[in-house]
Amino acid sequence: MMQIGYFSIISMISHIVFIAITWRAMQGINFEPLVRKNYVVEARILLIFIAIAIGATVSNFVLDILQWSQNLLYLF
């Protein structure tokens with residue numbers, strides 16, 4: 001039971017870290033030409049959602065690899 005709690009904490013931290021890394025990486029891309037005048041707030045919200053989607057996907061991938069590598073012990 002304790003292991004499930006630890007994995008939950010690791011999952012939450014992983015998601016937050018990868019979302020932050022994705023947000024930081026997206027800051028290097030110039031989205032200004034794609035944004036219409038007076039729609040800056042909407043564009044910023046869209047970028048936040050994109051960062052969450054990409055960061056959560058990468059985090060899930062890393063957590064899956066971690067879980068699979070732990071399950072390899074049951075193979076032998």
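Both backbone and side-chain heavy atoms feed into the values below; hydrogens, waters and symmetry mates do not.
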When you group the ILVMFWY residues by side-chain heavy-atom contacts below 4.5 Å and let the links chain together, are Ile65 and Val62 in the same group? yes

Quick one: CD1 on Ile50 to CD1 on Ile19, what's the gap to the nearest 0.5 Å? 13.5 Å

Please lay out, stage by stage, how Ile10 and Leu63 fare under the test side-chain contact (heavy atoms from CB on, under 4.5 Å). CA-CA 9 Å; Ile10 291 171; Leu63 291 170; 4.2 Å; yes

Report yes if some heavy atom in the side chain of Phe61 is under 4.5 Å from a heavy atom in the side chain of Val58; otherwise report no. no

Side chains of Val35 and Glu42 in contact at under 4.5 Å (non-hydrogen atoms): no

Linking Ile, Leu, Val, Met, Phe, Trp and Tyr by side-chain heavy atoms under 4.5 Å, what else ends up with Met2? Tyr6

Taking Ile48 as the starting point, is it possible to reach Phe18 by hopping between hydrophobic residues whose side chains are less than 4.5 Å apart? yes

Sorted by chain and number, sequence neighbours left out, side chain to side chain contact (heavy atoms under 4.5 Å, CB included) with Ile16 holds for none

Check the surroundings of atom CG in Asp64: do more than 12 heavy atoms from other residues, nucleotides or ligands lie under 6.0 Å from it? yes

Output yes when a side-chain donor or acceptor of Ser59 lies under 3.5 Å from a complementary backbone atom of Gly55, and no otherwise. no

Quick one: do Ile52 and Trp23 satisfy side-chain contact (heavy atoms from CB on, under 4.5 Å)? Show the steps, please. CA-CA 8 Å; Ile52 290 171; Trp23 177 257; over 6 Å; no

Report whether Leu66 and Met12 are members of the same hydrophobic cluster (ILVMFWY, side-chain heavy atoms less than 4.5 Å apart, transitive linking). no

Please step through side-chain contact (heavy atoms from CB on, under 4.5 Å) for the pair Ile29 and Phe31, ending with a clear verdict. CA-CA 6 Å; Ile29 300 172; Phe31 292 107; 3.6 Å; yes

Applying the 4.5 Å side-chain criterion to the ILVMFWY set and letting contacts propagate, would Leu47 and Leu34 be lumped into a single cluster? yes

